[in-house]
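So the structure is just underneath, and the comments pick up after that.
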Amino acid sequence: MYPFSYTKPADTRAAVAAGARGGRYIAGGTTLVDLMRETVERPGTLVDISGLPLADVRATERGGLRIGALARMADVAAHARVRSAYPVISQALELSASAQLRNMATIGGNLLQRTRCPYFRDVSAACNKRQPGSGCSALEGFNRSHAILGTSDACVATHPSDLAVALVALDAVVHLLGPDGERSLALSAFLLRPGDTPDREHDLRPGELITAVEIPPQPRASRSGYLKVRDRQSYEFALTSAAVALTITGGLIREARVAAGGVGTVPWRLTGVERRLTGARPSDELWARAAAAAADGARPLRHNAFKTDLLKRTIERQLRTVGGSR
Ligand code: SF4
């Protein structure tokens with residue numbers, strides 16, 4: 001470890017001021033402390049925001065759900081309203097990390113966690129995300145776990161969050177507070193594809209803080225769930241995952257929301273799959289036909305071509321789980 005300063009502001013305004021002076025926010029610390037130990041991250045000042053009043057989970061006036069950025073993953077997963085109205089969120093959280101980590105890690109931190117690309121975490125390897133312009137060791141290296149969608153010549157790392165996949169499927173919005181005040185934007189717009197600047201992972205301005213995530217009201221008849229496929233059944237990141245929410249009334253699919261994880265540089269919304277589902281009559285044949293579009297546009301690397309078929313099968317299986325076998 002190397003020297004750094006530490007401050008714990010008394011209120012949100014003071015925290016944002018410290019962040020605007022270049023401080024790095026820390027709450028649960030489950031990602032940042034590891035990266036500091038490995039010298040991947042070297043913040044000069046840590047701004048401890050764990051004591052700020054941003055941990056509430058409550059219904060919104062419009063009938064949606066607002067989750068405070070400092071709510072713990074375990075608490076959100078166990079929240080009665082989340083479990084009943086948004087099972088895809090509960091399941092995504094419960095399939096993440098370990099019980100100990102879920103007890104510490106916050107919702108805001110989960111969305112901002114850094115990639116698990118092993119070259120990013122190895123300071124002796126070339127990595128455009130860690131050191132812009134140095135190259136990408138994964139392109140010609142071992143890239144079995146890397147992305148097949150949304151990649152660029154500069155970076156092919158997957159986004160690591162399960163929660164973000166569920167939230168993107170549900171059209172969640174992030175609320176931000178910074179030196180210039182509050183603003184909100186869709187999570188799908190907040191998380192950035194690598195392009196030529198893989199070091200820029202999100203649209204967070206200097207000093208800005210995530211204060212909450214808001215999920216719009218879902219149709220009363222909506223049912224949802226999350227499936228995660230990985231090399232072992234606990235404490236492992238996704239090879240592929242599927243967040244599915246379907247609204248089925250009168251024998252027809254009125255609304256379909258489908259997103260994939262483990263395959264994209266950001267949580268990947270599968271609009272082609274959604275189009276094939278919307279207005280159709282649920283059937284096993286439909287699930288297979290819709291899932292066939294899941295990997296459209298994929299660009300597999302040397303070691304991860306298997307993800308193309310695995311993604312289609314993951315989506316088909318989760319469509320059947322949520323929509324029923326018939
Ligand atoms: Fe770095 Fe991205 Fe390449 Fe991994 S895939 S080595 S994170 S630039």
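Note that the coordinates shown come from a computational prediction; the quantities given were computed from them, not determined experimentally. In this chain, residues are counted from 1 in sequence order. Atoms within a ligand are numbered from 1 in the order they appear, just like the ligands themselves. FYI, side chains are in, hydrogens and waters are out, and symmetry mates aren't considered; it's all heavy atoms of this structure.
When hydrophobic clusters are built by joining Ile, Leu, Val, Met, Phe, Trp and Tyr residues whose side-chain heavy atoms come closer than 4.5 Å, directly or via intermediates, Trp268 is not grouped with Phe237. Put simply, Leu311 and Val229 are part of two different groups of oily side chains (I, L, V, M, F, W, Y) that touch within less than 4.5 Å, one to the next. The cluster map of Ile, Leu, Val, Met, Phe, Trp and Tyr, joined by side-chain heavy atoms under 4.5 Å apart, puts Tyr25 and Ile210 in different clusters.
Proximity of Pro194 to ligand 1 is not established, as no heavy-atom distance is less than 4.0 Å.
Scanning the protein heavy atoms around atom 6 (S) of ligand 1, the nearest turns out to be Tyr119 CB, 3.5 Å. Looking only at protein heavy atoms, the nearest one to atom 7 (S) of ligand 1 is Cys127 SG, 3.6 Å. At the shortest separation from atom 2 (Fe) of ligand 1 among protein heavy atoms lies Cys155 SG, 2.4 Å. The protein non-hydrogen atom at the shortest distance from atom 5 (S) of ligand 1 is Val156 N, 3.3 Å.
Because the distance cut-off is set at 2.8 Å, Cys136 qualifies as a neighbour of atom 3 (Fe) of ligand 1 through one of its N, O or S atoms.
Contacts between Cys117 and ligand 1, counted as non-hydrogen atom pairs separated by less than 4.0 Å, involve the side chain only.
Aromatic ring orientation, His303 versus Phe142: tilted (interplanar angle from 30° to 60°).
Here the side chains of Thr30 and Met73 are not in contact, with every heavy-atom distance at 4.5 Å or above.
Checked for salt-bridge contact, Arg24 and Glu41 meet the test: a charged N lies under 4.0 Å from a carboxylate O.
Of all atoms in ligand 1, numbered sequentially from 1 with element shown, those under 4.0 Å from a heavy atom of Phe120 are 7 (S). Counting the atoms of ligand 1 from 1 in the order shown, those under 4.0 Å from a heavy atom of Ala154 are 8 (S).
Heavy atoms of other residues, nucleotides or ligands lying less than 6.0 angstrom from CZ of Arg317 number 12 at most.
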